[in-house]
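Before any comments, here is the structure.
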Amino acid sequence: MKYLDEYRDLAAAQRLLDEIRRVSTRSWTLMEVCGGQTHSLLRHGIAAELQGTVELIHGPGCPVCVTDQADIDFACQLAKRPDVMVTSFGDMLRVPGSQGSLLDARTRGGQVKIVYSPLDAVELARRQPEKQVVFFAVGFETTAPATALAVKQAAQYQLDNFSLIVSHVRVQPAMESLVESPENRVQAFLAAGHVCTVMGYESYNRLVERYQLPVVVTGFEPLDLLEGILACVRQLEAGETRLENCYSRAVQMAGNQSAQDLVQEIYQISDARWRGFDLIPAGGLSLREQWQQFDARVRFSDSSLPVILNSECRSFDVMTGQLKPTECPHFGKQCTPETPLGAPMVSSEGACAAYYRYAGV
């Protein structure tokens, strides 16, 4: 399969593995930011092959995992209302809030529907004017353009029965928060290629210069990841810190300007609560004032729930590289894909789900 098989070539992968081992004079600790990269590293055995040479720790790049518990509670509360239909991506339905998940809410009679695009939710609102259709908008800069487009389309249709729970987050402030932590172990970052496809990667220069850490933009196939790891190791061994792009077939320095303009028109940068991280300055997006008629928190300001934090899930420790999923005392016991204590075990990009599925535990 063109554009796929060539990035999974076994002989080329072996050459890259050998080169990483040859170049390394000590063990280095790298963080892959994206949950999709975590799954690929585990699925293709790269993390195991590099054990003792490179320690790969797993970052907070799973959008479902970092969605604030209060937002899930709010979505569940809305789903109970007879006039409201809550829509979202399938991953989001099983993530537990403080009083259950959206799937639980649906089991109890709530109106919850999986959609494959925010525009599907707009279409539901257009076809069912008697319902208030709420789209639970999660994700990084990668998915924000699609929800921005949905807002514009809803405005074009003059819909007064469509709104968003905006839980979009921005990845770079979280990376900076990690590096500033006293417990930081990250010596270099593999930056998430899909976010850079939209946002470009020039802005990472500030992170590199400020924190003196290599940042290498990396894709998701085995050769993409191995080339990114090798680039990081070469920099670390040479005592260099710079920004590199190892995903040039998809990522350009300036990114997708049309998508950025759309996001800029609809959203503004705001502080955001990340699950496990608490408040991250400039860590999220919110609707600009002129679009707030589509903000579910404004439209349903009478619906709110107190948040009871779940202290059993160690998601923060996992997503900051302080704890391997298998080191969590709940892993595979109280916490499984069927009975998740937190989002990392149930999300398709969650680190705990990757270990449960691929690490043979």
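- For an aromatic pair to be called close, the ring centres must be under 6.0 Å apart, and F140 with H168 fails this.
- Between the side chains of E349 and H39, no donor-acceptor pair is found at a separation under 3.5 Å.
- Atoms CD and NZ, on E55 and K324 in that order, are 4.5 Å from each other to the nearest 0.5 Å.
- A side-chain donor from one of S98 and D73 sits under 3.5 Å from a side-chain acceptor of the other.
- Atom CG of L285 and atom CD of Q264 lie 10.0 Å apart (nearest 0.5 Å).
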Report task. Kindly indicate, with the supporting measurements, whether the criterion salt bridge (charged side-chain N to carboxylate O under 4.0 Å, His left out) is fulfilled by E237 and R26. Result -> CA-CA 9 Å; E237 289 286 344; R26 47 160 291 188; over 6 Å; no
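- Checking E244, E19, E240 one by one against R234, the side-chain hydrogen bond (donor to acceptor under 3.5 Å, both in side chains) holds for a single residue, E19.
- Taking the six-membered ring where the residue is Trp, the centroids of F220 and H194 are separated by under 6.0 Å.
- Ion pair D5/R8 not flagged as a salt bridge, since none of the NZ, NE, NH1 or NH2 atoms sits closer than 4.0 Å to an Asp/Glu carboxylate oxygen.
- The side-chain hydrogen bond (donor to acceptor under 3.5 Å, both in side chains) test applied to Q153 returns no partner, not counting sequence neighbours.
- R185 and Q322 share no donor-acceptor pair across their side chains, judged by distance under 3.5 Å alone.
- Partner of D18 under the salt bridge (Lys or Arg N to Asp or Glu O under 4.0 Å) criterion, chosen from R15, R22, R21: R21.
- With values rounded to the nearest 0.5 angstrom, Y355 atom OH is found 5.0 Å from L42 atom CG.
- Between F74 and F136, the gap from one ring centroid to the other reaches at least 6.0 Å.
- The side-chain hydrogen bond (donor to acceptor under 3.5 Å, both in side chains) search around S315 returns none, not counting sequence neighbours.
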Per-pair distances, 0.1 Å, donor-acceptor, side chain in residues 156-165, under 3.5 Å, sequence neighbours excluded:
{"unit_1": "N161", "atom_1": "ND2", "unit_2": "A125", "atom_2": "O", "d": "2.9"}
{"unit_1": "N161", "atom_1": "ND2", "unit_2": "Q128", "atom_2": "O", "d": "3.2"}
{"unit_1": "N161", "atom_1": "ND2", "unit_2": "K131", "atom_2": "O", "d": "2.9"}

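- Salt-bridge check for D295 with R288: failed, with every basic side-chain N at 4.0 Å or more from each acidic carboxylate O.
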